[in-house]
Amino acid sequence: YVLVSVDAKYVGDDSGTFWTDMISKFIGSGGNTFDKASVVLDKPIDDTGETFPGASVSGNLAFEVASDQLEGGAIIMEELSFDDTRVFFAIE
């Protein structure tokens with residue numbers, strides 16, 4: 001499993017909810033993507049509520065990733081919309 005700690009700030013005009021507005025995946029070094037794992041987490045970001053402009057949320061995400069794809073992998077964060085909003089984050 002890969003545990004990721006996330007701090008996010010809402011910069012929209014109305015309000016948003018992280019777990020319904022964002023898609024998160026892990027992309028392995030082999031080019032495969034891995035969805036969030038169905039595990040019990042301490043402080044899951046999916047438990048954060050509605051967020052208004054300027055407010056922040058934080059919490060954890062977990063991914064079940066093949067061990068041979070960990071090194072060089074990245075996290076993909078993408079707004080659930082029709083716009084091209086995909087962002088990649090390197091992991092340690």
Side-chain angles (χ1 to χ4, degrees):
Y1 292 100
V2 175
L3 180 66
V4 179
S5 178
V6 176
D7 294 310
K9 181 177 181 178
Y10 186 75
V11 295
D13 294 326
D14 298 317
S15 67
T17 307
F18 188 91
W19 67 273
T20 60
D21 293 338
M22 297 297 294
I23 297 171
S24 307
K25 293 185 179 192
F26 184 97
I27 183 167
S29 57
N32 302 92
T33 58
F34 300 88
D35 293 323
K36 292 188 293 185
S38 296
V39 295
V40 176
L41 295 173
D42 179 44
K43 196 176 178 190
I45 196 155
D46 289 350
D47 282 352
T48 58
E50 186 176 13
T51 307
F52 290 87
S56 297
V57 294
S58 62
N60 296 314
L61 294 169
F63 303 90
E64 187 173 1
V65 179
S67 60
D68 64 339
Q69 294 205 34
L70 288 172
E71 187 173 337
I75 303 298
I76 301 171
M77 300 294 281
E78 184 173 16
E79 181 183 9
L80 185 60
S81 72
F82 296 107
D83 299 331
D84 186 15
T85 59
R86 185 176 284 186
V87 179
F88 294 81
F89 297 91
I91 61 167
E92 294 180 5

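All values derive from a computational prediction rather than experimental measurement. Residue numbers start at 1 and run along the sequence shown.
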Can you find a heavy atom in the side chain of Ile75 that is under 4.5 Å from one in the side chain of Phe63? yes
Answer yes or no: is there a side-chain heavy-atom contact under 4.5 Å between Met22 and Ile45? no
Should Phe26 and Val39 be regarded as members of a common hydrophobic cluster, given that ILVMFWY residues are connected when their side-chain heavy atoms come within less than 4.5 Å of each other, either directly or indirectly? no
How would you list all residue pairs meeting side chain to side chain donor-acceptor pair (under 3.5 Å) that involve residues 49-76, not counting sequence neighbours? Ser15-Glu50, Asn32-Gln69, Lys43-Ser58
Not counting sequence neighbours, list each pair that qualifies as a salt bridge (Lys or Arg N to Asp or Glu O under 4.0 Å) and has a residue in residues 8-20. none
Under the salt bridge (Lys or Arg N to Asp or Glu O under 4.0 Å) test, which residues partner Asp35, sequence neighbours left out? Lys25
Tracing side-chain contacts under 4.5 Å among Ile, Leu, Val, Met, Phe, Trp and Tyr outward from Phe52 reaches none
Would a single hydrophobic cluster contain both Ile76 and Trp19, if residues Ile, Leu, Val, Met, Phe, Trp and Tyr are joined by side-chain heavy-atom contacts under 4.5 Å? no
Cluster overlap Met77 with Val4, hydrophobic side-chain contacts below 4.5 Å: yes
For Thr48 and Thr17, the nearest pair of non-hydrogen atoms, with its separation, is O-CG2, 4.0 Å
Is any side-chain heavy atom of Phe34 closer than 4.5 Å to one of Val2? no
In the hydrophobic clustering (ILVMFWY, side-chain contacts below 4.5 Å, transitive), which residues join Tyr10, or is it alone? none
Mind checking what makes side-chain contact (heavy atoms from CB on, under 4.5 Å) contact with Pro44, not counting sequence neighbours? Leu41, Asp47
